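Not measured: the values here are computed from a predicted model. Along the sequence shown, the residues carry numbers beginning at 1.
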Amino acid sequence: MTKKQLRSQAWFGRQDKMGFYYRSFLKNRGFPQDQFDGRPVIGICNTWSELNPCNSHFRTIAEHVRYGVLDAGGFPLEFPVSSLGEVTMRPTAMLYRNLASMDVEEAIRAHPLDGVVLLMGCDKTTPALIMGAASADLPTIGVSGGPQLRGVYRGQMIGSGTNIISMSEQLRAGEITLDEFHEAEAGMNRSSGHCMTMGTASTMASMVEALGVGLPENAAIPAVDARRNELARMAGRRIVEMVHEDLILSKILVRASFENAIRTLGAIGGSTNAVVHLLAIARRIGVELSLDDFDRLGRGVHCLVDLMPSGKFLMEDFYYAGGLPVVLRRLGERGFLHKDAPTANGRSIWENVREAQCWNDIVITPFENPFKPESGMAILRGNLAPDGAVIKPSAASPELMQHTGRAVVFENVEQMHHAVDDDSLDIDASCIMVLKNCGPKGYPGMAEVGNMPIPHKLLRQGVRDMIRISDARMSGTAYGTVVLHVAPEAAAGGPLALVRSGDLITLDVEARSLHLHVDDMGLASRRAAWVPPPARAERGYVKMYVDHVLQADQGVDLDFLVGKTGSPVPRDNH
Ligand code: FES
């Protein structure tokens, strides 16, 4: 591509009234005339926010990207987009993922940009930015913010999310005091960065690397390690080259890249949330991907990393052991990697990882002696989930993987919270807890409430896991025998809406089956009597979301956002 063909020259290359406008107002920051001479203009898309603690160090990362862009002769311009803080946003950050993706897409298209660097960290910021960038389809490189340092409490490693869940259960069971609980809070989040377990943020940072959108080692370098800043600087240098090479995002996000990502998801024991995010990204960029691809491609893949929530180590340990390049190399050596898949640095993924060295075989286990065998996502179907449901076998209890139990049904999350610790609740450890109306439309936003708390009276008996079924999602830091993403959801009239307490349900993970023991006639009569839940919103974004959101098997995107428009130059504004 020559300088004349750069998209930004439609703004800055004009020698007329409009060219005056476009250059002059930017000169208020002291940019000299030569910045507008046809060098690539690089947008640094920043999700920094004090309301999103996981991304609160992003101004520093953006500075290092800026140095890199300048090193390579580009013109960096940083811009903010909506940030999505997982722990601070209510009712759930997922409600706003699609809104943020619209912000990203339109900001990229509206401005004089030739390439984009995406700064992503907390869970939903990663898919939101990649979805938006995919629909705009400029040269794009992803830089993750990096995980926090290990959490430490009284000499023990504690992991974000995972130990919050286990310690809150211990508090409810009276096994620890409130003072101990508060002390652990301070030890868990002791540095900048996102959750340091293999939760959704670390999973999605790994997906960025496996998809080829980020540079090698993007996934695991801790946020406060100087090498994170070095990676940001190298990304800044590289995006300028990508503009010159016209290496747009759709040349990287190809079918082979998604297949690599799905197998990587199994090999890292990653979050179930990645399923909906990868489906949504694929549908934006125009790659055919289905829920069944996750089951098919994940078969034979073992979990190689001993990281929380499935294991005991944390992302800092993963980085010191060699990080994701080691996992990718091990997948490649077993035929589970499309070795020629393209990546942002211009090399194939195999060229990037074939020399990767493992420095700790306990943290990253060999394929022949894996941390957990057969760890891909299992996609369940049956009369309770005609369009599919997801379970993460590596986080489940082996003895519950084939089980028939009596349903204990909660119509919504409020009823569940009200009833779950009531000792009069008719439930025992063999029962199956069912939660309705927590899907994309029902919550709305498909909250991470699928891993319902174990009833108090069962906790006291030592029960720590039960089968739980819902149309909700689950935090990537959570664990248990939890069936998620049931589609269609209850609020959309899926069979989940028809389940009643006392019904028998069979979960058979090996057979990939989820069956409600009610015959078709019985289900039909229940459906005739079914009344949809009342609308949760009458106006604004939430109404638009509920009216247009797609089901979990289609990525929970808004129907009118699927696909891409590219980045045609908009009309002048004067
Ligand atoms: Fe932000 Fe976990 S809360 S990554």
Side-chain angles (χ1 to χ4, degrees), residues 378 380-391 396-397 399-439 442-443 446-447 449-459 461 463-474 478 480-533 552:
L380 309 169
R381 290 187 191 272
N383 66 349
L384 191 47
D387 293 336
V390 176
I391 188 169
S397 300
E399 67 276 13
L400 292 174
M401 303 281 262
Q402 187 177 37
H403 178 82
T404 298
R406 172 171 61 87
V408 175
V409 175
F410 306 102
E411 292 296 323
N412 52 53
V413 75
E414 290 81 10
Q415 189 198 353
M416 184 270 291
H417 284 309
H418 182 73
V420 73
D421 283 343
D422 184 340
D423 283 356
S424 67
L425 183 67
D426 181 16
I427 193 167
D428 60 54
S430 70
C431 289
I432 294 179
M433 298 170 73
V434 176
L435 176 61
K436 303 178 184 177
N437 296 309
C438 292
Y443 198 74
M446 204 181 179
V449 294
N451 55 317
M452 289 165 263
I454 303 295
H456 201 184
K457 69 177 182 184
L458 300 183
L459 273 181
Q461 295 167 18
V463 177
R464 290 295 179 268
D465 192 16
M466 295 172 67
I467 295 177
R468 288 156 275 179
I469 298 173
S470 74
D471 46 15
R473 295 176 302 116
M474 172 174 86
T481 311
V482 186
V483 177
L484 301 154
H485 309 187
V486 169
E489 65 177 306
L496 186 69
L498 310 179
V499 184
R500 294 179 181 168
S501 287
D503 290 345
L504 289 180
I505 295 175
T506 296
L507 167 69
D508 187 340
V509 177
E510 179 64 29
R512 301 299 196 255
S513 168
L514 186 64
H515 185 72
L516 175 66
H517 293 267
V518 178
D519 63 24
D520 290 348
M521 272 183 55
L523 287 175
S525 72
R526 290 184 188 185
R527 180 169 297 288
W530 178 68
V531 177

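- Side-chain atoms of H403 come within 3.5 Å of backbone N or O of S430 as a donor-acceptor pair.
- When the shell of 6.0 Å around CG of D520 is examined, it contains 12 or fewer heavy atoms from other residues, nucleotides or ligands.
- A donor-acceptor contact closer than 3.5 angstrom is absent between the side chains of D508 and T506.
- A pairwise comparison of heavy atoms in W530 and A491 identifies CH2-O, 4.0 Å as the closest pair.
- In terms of heavy atoms, A396 sits closest to M401 at CB-SD, 3.8 Å.
- Contact check for M416 versus P453: side-chain heavy atoms found under the 4.5 Å cut-off.
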* Checking side-chain contact (heavy atoms from CB on, under 4.5 Å) for the pair V390/L380: CA distance, chi angles, key distance, verdict? -> CA-CA 6 Å; V390 176; L380 309 169; over 6 Å; no

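- The CG atom of N383 sits 6.0 Å away from atom CG of L523, with the distance rounded to the nearest 0.5 Å.
- Considering every non-hydrogen atom in both R526 and D503, the closest pair reads NH1-OD2, 2.7 Å.
- The side-chain contact (heavy atoms from CB on, under 4.5 Å) with M433 is formed by just one residue from the set V409, V420, N451, V482; it is V420.
- Between H417 and F410, the closest side-chain pair of non-hydrogen atoms is not below 4.5 Å.
- Side-chain contact between R527 and L498 is present, with at least one heavy-atom pair separated by less than 4.5 Å.
- When every heavy atom of K436 is checked against every heavy atom of D471, the shortest pair comes out as C-OD1, 4.0 Å.
- Looking at heavy atoms from C-beta onward, C431 lies in side-chain contact with V408 at the 4.5 angstrom threshold.
- When all heavy atoms of L425 and P455 are compared, the closest pair comes out as CD2-CG, 4.4 Å.
- Once rounded to the nearest 0.5 Å, the distance linking CG of D519 with NE2 of H517 reads 12.0 Å.
- Contact check for L384 versus L496: side-chain heavy atoms found under the 4.5 Å cut-off.
- Using a 4.5 Å cut-off on side-chain heavy atoms (C-beta onward), I427 and K457 make contact.
- Heavy atoms only, all atoms of each residue included: M466 and A429 are closest at CG-O, 4.0 Å.
- Atom CZ of residue R500 and atom CD of residue E411 lie 9.5 Å apart, to the nearest 0.5 angstrom.
- We find the CE-SG distance between M452 and C438 to be 8.0 Å, quoted to the nearest 0.5 Å.
- Looking at S513, its side chain never comes within 3.5 Å of a backbone N or O of G382 through a donor-acceptor pair.
- In this structure, the separation between CD1 on I391 and CZ on R512 is 9.5 Å, given to the nearest 0.5 Å.
- Annotation: side chain of N437 is not in contact with side chain of Y443 (no heavy-atom distance under 4.5 Å).
- Using a distance-only test at 3.5 Å, with no hydrogens or angles considered, a donor-acceptor pair links the side chain of R473 to the main chain of M446.
- Using a 4.5 Å cut-off on side-chain heavy atoms (C-beta onward), V509 and L507 make contact.
- Remark: E399 CD is packed, more than 12 non-hydrogen atoms of other residues, nucleotides or ligands lying under 6.0 Å away.
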* When you look at I505 and H515, which way does the side-chain contact (heavy atoms from CB on, under 4.5 Å) test go after all the steps? -> CA-CA 6 Å; I505 295 175; H515 185 72; over 6 Å; no

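- Heavy atoms from other residues, nucleotides or ligands lying under 6.0 Å from NE2 of H418 number 12 at most.
- Rounding to the nearest 0.5 Å gives a distance of 7.5 Å between CG of L459 and CG of D421.
- Between the side chain of D387 and the main chain of A487, no donor-acceptor pair closer than 3.5 Å is present.
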